[in-house]
Participant: 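Encoded as structure tokens, here's the structure I'll be asking about.
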Amino acid sequence: MEVTQAVFAGSSTRVEQRPKRKLPEFAFIGRSNVGKSSLINMLTGVKGLAKTSSTPGKTRLVNHFLINESWYLVDLPGYGYAKLSNTSRKELEDTINDYLDNSDELVLLFVLIDSRHDIQQNDLDFIATLGEDGIPFSIIYTKCDKRGPNVLKEQMERNAAKLLEQWEELPPVFATSSQNFSGREEVLNYIESILKSL
Ligand code: GTP
Ligand code: MG
């Protein structure tokens, strides 16, 4: 799929503030600093569309980006950033939960996992809640430029084994890098195939 147009369509913390125009949504979630906002810039090809930072906790709001006038990419705040105050952490959790609890337009949630580390307990816990809530998801490994192909493959296999302790089968998995654009076509084509099936 070609991204011919990508425009910021609004920020929100609550469902009533979301863009009025209802269209299919594909959202990105994962631990703080995993690379959600960078991935949105990489997929759209628009540098700086979503704000990124080397400091965790950058994205505080739900940000909608209108793609090709027909669907949204949604950038969510991260979970699991230990250094935030309790109040800030609770605010981010409320924002994430309000999005997920009121997700009629959400077609698929991409859960981002850092390819450099073992999948963390908070990722496993978060993914378990998706099963309970019946939210369809897919997994995207980020920062794959930081790993050689063999190490990356082993890491992904280790994580898959961990997830299979909890799940009977795994959803589609993608390896990406926002730095060298790897995985871009795969993710966009996957989104396109789902949009066509709606
Ligand atoms: P929060 O909004 O704080 O939850 O973070 P986020 O998940 O949106 O992460 P963000 O995109 O802001 O990126 C965090 C840091 O990781 C930045 O310093 C990025 O430059 C870096 N980063 C993101 N993706 C990649 C990647 O694919 N490769 C490399 N090498 N660095 C990346
Ligand atoms: Mg972000």
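Remember, it's 1-based here, ligands and their atoms both numbered in the order they're listed. We number each residue from 1, following the sequence as shown. Model, not experiment: these values are computed from the prediction.
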Participant: Is it true that some N/O/S atom of Ser38, main chain or side chain, lies under 2.8 Å from the Mg ion (ligand 2)?
Facilitator: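 Here the distance criterion (N, O or S atom, under 2.8 Å) is not met by Ser38, so no.
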
Participant: Just checking Gln121: does its CD atom have more than 12 heavy atoms from other residues, nucleotides or ligands closer to it than 6.0 angstrom?
Facilitator: yes

Participant: Between Asn33 and ligand 1, which part of the residue brings a heavy atom under 4.0 Å of the ligand: side chain, backbone, both or neither?
Facilitator: both

Participant: At a non-hydrogen distance cut-off of under 4.0 Å, which region of Ser178 contacts ligand 1 (side chain, backbone, both, or neither)?
Facilitator: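 Both of them.
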
Participant: Got an N, O or S from Thr59 under 2.8 Å of the Mg ion (ligand 2)?
Facilitator: yes

Participant: Please compare Lys51, Lys143, Arg60, Arg147 and report which has the shortest non-hydrogen distance to atom 31 (N) of ligand 1.
Facilitator: Lys143

Participant: Sub-3.5 Å donor-acceptor pair from the side chain of Ser138 to the main-chain atoms of Pro171, do we have one?
Facilitator: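 It does not hold such a pair.
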
Participant: Tell me the nearest of Ser53, Ser37, Ser182 to atom 17 (C) of ligand 1, using heavy-atom distances.
Facilitator: Ser53

Participant: Using a heavy-atom cut-off of under 4.0 Å, does the side chain or the backbone of Met42 touch ligand 1, or both, or neither?
Facilitator: neither

Participant: Could you pull out, from Lys146, Arg31, Lys36, Gln179, the option with a heavy atom nearest to atom 4 (O) of ligand 1?
Facilitator: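 Among Lys146, Arg31, Lys36, Gln179, the closest heavy atom to atom 4 (O) of ligand 1 belongs to Lys36.
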
Participant: Hey, does Val34 sit under 4.0 Å from ligand 1 if you only count heavy atoms?
Facilitator: yes

Participant: Is it true that, when you exclude Lys47 itself, more than 12 heavy atoms of the residues, nucleotides or ligands shown sit nearer than 6.0 Å to its NZ?
Facilitator: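 No, the 6.0 Å shell around NZ holds no more than 12 heavy atoms from other groups.
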
